[in-house]
Structures are given as C-alpha cells and as structure tokens.
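To keep things clear, I will list the structure first and then write my remarks on it.
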Amino acid sequence: MTALRPTAAPNGGTDADDGPSGSHRLPPPRPAYDAHTWKEIAHLLLNLPVAVIGFTYAFTVVVVGGALTLTVIGLPLLAVCLLVARQLGKVERARARALLGVRVEEPSPLPLARSGGPVHRVWMALKDPVGWRTLLYDVIRLPWGILTFVTTLTSLFVLWPVLPYLARLMANLDRAMVRGLLSPSDELERRIAELESDRGIVVDTAAADLRRIERDLHDGAQARLVNLAMGLGLAKEKLLEDPDAAAAMVDEAHGEVKLALQELRDLARGIHPAVLTDRGLDAALSAVASRCTVPVKVSVDLPARPAAAIEGIAYFTVSELLQNVSKHSGARTASVDAWRADDRLMLQVRDDGRGGARLDGGSGMRGLAERLGAVDGLFVVDSPPGGPTVITAELPWRDRQE
C-alpha cells in the first residue's frame, strides 16, 4: 500500500490527514487561525446538534426497542434500528474525515443477502458490534457535545488567543473517540475476510474432488463394467453354438472384473483409505511411503489420534507431497515426520533431490497451501535450487470423538 505524501499548505504546514498510523502529522497549533483550526472549531460547534440527534435516536432505540422485545415486532424493530445506527456512524466518520482529517476505514457490510431466512438476518443484525458501538458513541457524545460547544463558543469571544490550543486538545479527544468506537476491528475484519475466502476454497475443493471422482468412475471402472456386460452378452449368445469361444469370452470377462475391482479399490483409497480408518496415521503414511519410487523413512510420534477430518487432510497432504517426490524431485532418499506440538499437528517431508519447488511451480503446492489454509493451517516450502527440499505443514489439533 503506497502512503500518501503530505502536501504543503499555504501556512507552511501539512494537510490534516492524521491517519491511524500517525505518520501524517497535523500542523502545530498557533495563535493565528488557519484552515485546520477553523475546521476543528467548526467540528466542535457541530458536536452539540449532532450529539442531540444521535442521543435522541440511541435513547429511543434502547427504550422503545427494549420495551417491545416482549412482543413479536420488538427484535425485528431493534435489528432495523441497529442497521440505521450503522448509517449514522457512516455520517460521523465522513464528518470526522472532512473536518478532522481522520482516516477511518468503513466496516464491512453485513452479508444479509447471502444469509438464510429472515430469522437469521435479524439475529445477524442484533449481534452486529458496529451498530452497538455506534449507539454507545451517540450516548456518550451528548455531555461531550455540550462541553465542546460551550467551551468553543465562549472562547471565540473571551479566550480567542488560546482557542487554537483548546480546539486542538478537544479535537484530538474527538479523533480518539472516532477511532475507538467508529473504526472497525482490524483483527475481526481480517478474520471475517479470511473465513469468507476459506469457505470459497473449501467449496471449490469439494467440487473439484467430486469432478475427479466422477471422471475416474466414468473413464475407468464404468467403462470396464460396460465392456464386461457386452462381453458376457456375446458369451451368452455363443454358449450353445461355440462353447469354446464362449469360455474364452467368460475368461476375458473375468479378467475385466479383476481390473474393475482394482480400479474401484484405488478410487476408494483415493477418497479415504481403509488403513487410515482402521489403523491410523502411522500405518497409512507407511503404506503411502511404500508406494513411493524413492526410499522413504517414516516417523510418527503422536500421543493419540487426531480428529478424523484432520487425520484425512494430513494423510492426503503427505500423499501428494510424496507423489511430487516420485515425479519431480530426482531424489535418492526422503523422510516423513509427524508429531504434535501443543495444539498443532506438525508434518514435515524432506528429500535430497534437485530442489527448486515453489508454491507457483505447477506441482500442486498452491492447492495444498489453500487446503491447509482453509482449516487454519500453514504450509511452508523451503527448497533452494540444488536441494534439499523441506516442506512443513501445520494443522490445528482437534481431539478425536469416538
């Protein structure tokens, strides 16, 4: 993000862009009234009428909404009032931006259009922290608005030499209130954005897996079973006319059955291997390592089995990484380690190959990183050119529910 460079003001100061980072400084107050001082004075004088409107609205919402919560319309009415309070907060942020130079980000809009039915929308609005903080802001602003209005108006006639300093002091308190009550929670907003992105990744991953399973069934086992049915039909027709040819066709069909069963077993193993369900991560990773073209040493040190979903993600992560080792690394040896560290399941796959693996290298690394990120995991690739390659994956540990 590129920072804005303060421009010179006519009085030799800088524009009043006092951002949250504090990197853009306001000009120092001085006895001479400049544009910044007049903007602060205007904001302080407007505090009273704006505070009266805000306090009246907040008081009415709390009293009337609280009284009507015993009726059917109480909670929906309170939800609507909180949505309106959001708009009042937007107006206050605009006023602070124009007159105080406070740059406060707008909170993310409530995803009402994507929510469920009316009850879920009402509940979403009722638990909206932005609306409630705006009501709190409007309540505490009334005494502050009276104080700033009286002080500023009196100082214009009595204490005008020191009014710029008083205006700056009171305006800074106003800036603190706006940032404290009307700004979004950075951590909450970041987490909401992450969860929305993760939900999309999970949906896309599930759809891709379903398409893969459908394609494998259509091109593999289904095609073999169709050929098997046709072969058995021809054998049935030749059974009386040419028993030897019919026997040969049945023998060929028997071979097709074996191949179809093998493909179905491979497909089922790709969905969820039986060894993982029956014997856990240690045996499942050892089975995957035995199919790798590179000798792999497996070390699993887990005090207990994690939740089935976490165990499955760990299995498929290691499985895909070992496939990459077989296809792309040129390694002579590899190793797989799995252990628990506090509330995290740690996985590490090493190989002594040529290195150069990257998240954008086209070997499925980015897809693995997105899958792990969707469950609050981490995926780190350390693969300098020439090797070795060390890939570390972290997953949240959840206890298994038997």
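Here, residue 1 is the first one in the sequence, and each next residue gets the next number. This structure is a prediction, so every number in the text was calculated from the model and none was measured.
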(request) Show your reasoning for whether side chain to side chain contact (heavy atoms under 4.5 Å, CB included) applies to V296 and L322. (result) CA-CA 9 Å; V296 180; L322 289 182; 4.2 Å; yes
Side chain [X], main chain [Y], donor-acceptor under 3.5 Å:
X: R86; Y: C81; answer: no
X: S155; Y: T152; answer: no
X: S326; Y: C292; answer: no
X: S383; Y: G356; answer: yes
X: T148; Y: G145; answer: yes
X: W132; Y: L126; answer: yes
X: D138; Y: A58; answer: no
X: R340; Y: P303; answer: no

(message) Looking at E40 and R175, is any side-chain nitrogen of the basic one under 4.0 Å from a carboxylate oxygen of the acidic one?
(response) yes
I'd like to check [X] versus [Y] (side-chain heavy atoms, cut-off strictly below 4.5 Å). Are they in contact?
X: P384; Y: D382; value: yes
X: R305; Y: I310; value: no
X: V288; Y: Y315; value: yes
X: L88; Y: Y137; value: no
X: R93; Y: P107; value: yes
X: F55; Y: R141; value: no
X: T333; Y: K297; value: no
X: L181; Y: T134; value: no

(message) One pair to check against salt bridge (Lys or Arg N to Asp or Glu O under 4.0 Å): K90 and E106. What are the steps and the verdict?
(response) CA-CA 7 Å; K90 185 176 182 179; E106 294 292 332; 5.8 Å; no
Heavy-atom closest contact ([X] atom, [Y] atom, distance):
X: L156; Y: W160; result: O-CB, 3.7 Å
X: A289; Y: V298; result: CB-CG2, 3.6 Å
X: A331; Y: V294; result: O-CG2, 3.6 Å
X: V52; Y: L142; result: CG2-CD1, 4.0 Å
X: L347; Y: A338; result: CD2-CB, 3.6 Å
X: T317; Y: A393; result: CG2-CB, 4.4 Å

Once you round to the nearest 0.5 Å, how far does [atom1] of [X] lie from [atom2] of [Y]?
X: D337; Y: M346; atom1: CG; atom2: CE; value: 11.0 Å
X: D174; Y: M170; atom1: CG; atom2: CE; value: 9.0 Å
X: L395; Y: R344; atom1: CG; atom2: CZ; value: 7.5 Å
X: T293; Y: Q323; atom1: OG1; atom2: CD; value: 10.5 Å
X: E311; Y: L302; atom1: CD; atom2: CG; value: 8.5 Å
X: T151; Y: I146; atom1: OG1; atom2: CD1; value: 11.0 Å

(request) Any chance you could lay out the salt bridge (Lys or Arg N to Asp or Glu O under 4.0 Å) test for D128 and R133, step after step, and finish with the verdict? (result) CA-CA 9 Å; D128 176 29; R133 281 192 282 117; over 6 Å; no
(message) Could you go through W144 and I140, starting from their C-alpha distance and side-chain angles, then the distance that decides it, and tell me whether this counts as side chain to side chain contact (heavy atoms under 4.5 Å, CB included)?
(response) CA-CA 7 Å; W144 175 249; I140 66 176; over 6 Å; no
(request) Check the side chains of D342 and W397 for a donor-acceptor pair under 3.5 angstrom, ignoring hydrogens and angles. (result) no
(request) Go through L100 and K39 one step at a time and tell me if the side chain to side chain contact (heavy atoms under 4.5 Å, CB included) criterion holds. (result) CA-CA 7 Å; L100 298 181; K39 284 183 178 181; over 6 Å; no
(request) For W123, look at atom CH2 and say whether over 12 heavy atoms of other residues, nucleotides or ligands are found less than 6.0 Å away. (result) no
(request) Inspect the surroundings of CZ in R95 and state if more than 12 heavy atoms from other residues, nucleotides or ligands are less than 6.0 Å away. (result) yes
(request) Evaluate the criterion side chain to side chain contact (heavy atoms under 4.5 Å, CB included) for residue pair D351 and L321; output intermediate values, then yes/no. (result) CA-CA 10 Å; D351 69 72; L321 289 176; over 6 Å; no
